[in-house]
Amino acid sequence: MTKRTTRSLMAMKESGEKIAMLTCYEASFARVMDGVGVDIVLIGDSLGMVVQGNNSTVSVSMDHMVYHTRCVSAGVNEALVLGDMPFGSFHNASLAMGNAARLMAAGAEMVKLEGAGPMIEVVEYLSSRGVSVSGHLGLTPQTAHKLGGFRVQAREKAAARQLLRDAKAVEDAGAQLLILEAIPATLAAEVSTELGIPTIGIGAGAACDGQVLVLHDMLGLVERPPKFVANFMQENDDIESAFRDYVRQVKSGQFPGPEHQYS
Ligand code: KIV
């Protein structure tokens with residue numbers, strides 16, 4: 001594998017090679033993921049739930065994200081390192097710029113922020129100042145309280161049209177990647193066709209340009225995982241084989257199957 005960059009992710013979209021991404025929070029797991037060809041490691045604020053044991057991601061601070069980004073970066077040579085901007089860290093442009101700079105200093109090569117609407121000008125502000133940005137639409141866990149829980153999004157026609165408009169706005173603002181979480185597979189397919197930038201799905205069906213799962217979910221450590229999760233430890237003897245199998249199944253289109261998607 002060669003070093004993954006924003007250019008190679010674009011080339012993968014263009015050639016139809018699926019992008020394999022996993023969340024990661026520390027160096028040892030990062031080293032193994034990097035070694036088996038995971039293309040992007042995301043230091044997700046899901047760490048608030050799977051590492052800190054809380055019931056949402058809003059407890060995660062910039063200090064936590066900087067610490068875990070530094071840990072993961074120490075284990076990565078070739079994967080692209082994507083750092084999550086936690087709740088409250090990007091809600092105006094200058095706040096976002098300062099916090100993105102902190103994540104980049106800790107090793108993030110791209111930063112991810114949830115939402116559209118007023119966040120579009122933040123994406124534009126960051127990307128026009130040299131920050132590589134990923135959007136995140138659909139189920140945005142930081143706003144789960146407002147959404148009424150962790151629920152599938154954009155099932156109704158008007159909401160689906162709005163999500164498509166938001167996705168285009170995120171791209172037009174300069175984002176170089178877009179995460180689509182828990183939306184109908186047909187809508188994710190449409191977004192993936194309409195956008196020039198790669199889309200990465202989690203509960204968004206097989207037509208996305210790549211897939212991401214939360215590390216603890218795919219290792220079978222979560223008691224009641226969402227429908228879109230597959231436990232890669234069921235068919236594999238060790239963690240390295242589970243990661244390798246995940247990469248193989250994403251690249252071959254075997255994962256996600258129809259049973260992992262929403263209509
Ligand atoms: O924080 C996270 O792990 C994420 C993924 C669910 C995409 O944002």
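Atom set for the values below is all heavy atoms of this structure, side chains included, hydrogens, waters and symmetry mates excluded. Atoms within a ligand are numbered from 1 in the order they appear, just like the ligands themselves.
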### Task
Taking only heavy atoms of Gly44 into account, list the atoms of ligand 1 that are under 4.0 Å away from them.
1 (O), 2 (C), 3 (O)
### Query
Can you find a non-hydrogen atom of Glu114 under 4.0 Å from ligand 1?
no
### Query
How about Leu177 and Ile197: do any of their side-chain heavy atoms sit closer than 4.5 Å?
no
### Ionic contact status for Lys251 with Asp39, cut-off 4.0 Å
yes
### Task
Select one of side chain, backbone, both or neither to describe which atoms of Ile202 lie under 4.0 Å from any atom of ligand 1, heavy atoms only.
side chain
### Query
So which bit of Thr23 gets within less than 4.0 Å of ligand 1, heavy atoms only: side chain, backbone, both or neither?
side chain
### Query
What atoms in ligand 1 come closer than 4.0 Å to a heavy atom of Glu181?
6 (C)
### Query
Between Glu240 and Arg31, is the closest basic N to carboxylate O distance under 4.0 Å?
no
### Query
Are Asp63 and Arg102 close enough for a salt bridge, meaning some N to O gap below 4.0 Å?
yes
### Task
Check each atom of ligand 1 against the heavy atoms of Lys112 and keep those under 4.0 Å away; list them by number with element.
4 (C), 8 (O)
### Summary
Going by the 4.0 angstrom heavy-atom rule, the piece of Asp84 near ligand 1 is side chain
### Message
If we count only N and O atoms by modelled type, under 3.5 Å, do the side chains of Asp209 and Thr199 hold a donor and an acceptor together?
### Response
yes
### Task
Please report which non-hydrogen protein atom sits nearest to atom 2 (C) of ligand 1, along with the residue it belongs to and the distance in Å to one decimal place.
Ser46 OG, 3.3 Å
### Query
Quick one: does Tyr25 get an N or O within less than 3.5 Å of an N or O on ligand 1?
no
### Task
Pick one of side chain, backbone, both or neither for how Leu42 approaches ligand 1, counting any non-hydrogen atom pair under 4.0 Å.
side chain
### Query
Between Tyr25 and Thr23, does any side-chain donor sit less than 3.5 Å from a side-chain acceptor?
yes
#### Entry: NZ/NE/NH1/NH2 to OD/OE distance under 4.0 Å, Glu109 and Lys3
yes
